[in-house]
S.K.: 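Take this structure first; my questions come after.
Quick note: numbers below take in every heavy atom, side chains included, and nothing from hydrogens, waters or symmetry partners.
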Amino acid sequence: MRTIAEQGPSKRMNKQEMLEYMEQLEKRVGLVQSEITRLNHSQEKMKQDLRFLELMLLEEYHMLLQIMDRNQGTLRIHAK
């Protein structure tokens, strides 16, 4: 049997071939939807990790400023 890319939708396909073609397309849609879901989950995890690292870095900057100059109270770092 030919692949989806090779056969494509054709007016010369019989009913059985058309049903098989549709099944292949449905399987591909399912795989693509699964991949999108997985990528969205991965993206959310990366956003959480990045936010955590950003907060950790800000805390380290605050500690560094305290160590460098305890007498100057005007230096500040702000988070977004």
S.K.: Quick one: does any side-chain atom of E17 pair with a main-chain N or O of N14 as donor and acceptor, under 3.5 Å?
M.R.: yes
S.K.: Could you go step by step and tell me if M63 and E60 meet the side-chain contact (heavy atoms from CB on, under 4.5 Å) rule?
M.R.: CA-CA 5 Å; M63 288 189 297; E60 288 179 9; 4.2 Å; yes
S.K.: With sequence neighbours excluded, tell me which residues meet salt bridge (Lys or Arg N to Asp or Glu O under 4.0 Å) with E35.
M.R.: R38
S.K.: Kindly determine whether E59 and L55 satisfy side-chain contact (heavy atoms from CB on, under 4.5 Å), including the steps that lead there.
M.R.: CA-CA 6 Å; E59 183 64 29; L55 292 173; over 6 Å; no
S.K.: When you compare the side chain of M18 with that of K15, does any pair of heavy atoms fall below 4.5 Å?
M.R.: no
S.K.: Who pairs with Q16 by side-chain hydrogen bond (donor to acceptor under 3.5 Å, both in side chains), at least two apart in sequence or on another chain?
M.R.: E20
S.K.: Restricting to side-chain contact (heavy atoms from CB on, under 4.5 Å), what partner residues turn up for M46, sequence neighbours left out?
M.R.: S42
S.K.: Got a sec, which residues hit side-chain contact (heavy atoms from CB on, under 4.5 Å) with L53, two or more places apart in sequence or on another chain?
M.R.: none
S.K.: Determine whether K47 and Q43 make a side-chain contact, defined as any pair of heavy atoms from C-beta on separated by less than 4.5 Å.
M.R.: yes
S.K.: So, using side-chain hydrogen bond (donor to acceptor under 3.5 Å, both in side chains) as the criterion, who are the partners of Q33 when residues are at least two apart?
M.R.: none
S.K.: If Ile, Leu, Val, Met, Phe, Trp and Tyr residues are connected whenever their side-chain heavy atoms lie under 4.5 Å apart, and connections chain through other members, are M13 and L19 in the same group?
M.R.: no
S.K.: To the nearest 0.5 Å, what is the distance between CG on L31 and CD1 on I36?
M.R.: 11.0 Å
S.K.: Under the salt bridge (Lys or Arg N to Asp or Glu O under 4.0 Å) rule, collect the residues that match up with E23, sequence neighbours excluded.
M.R.: none
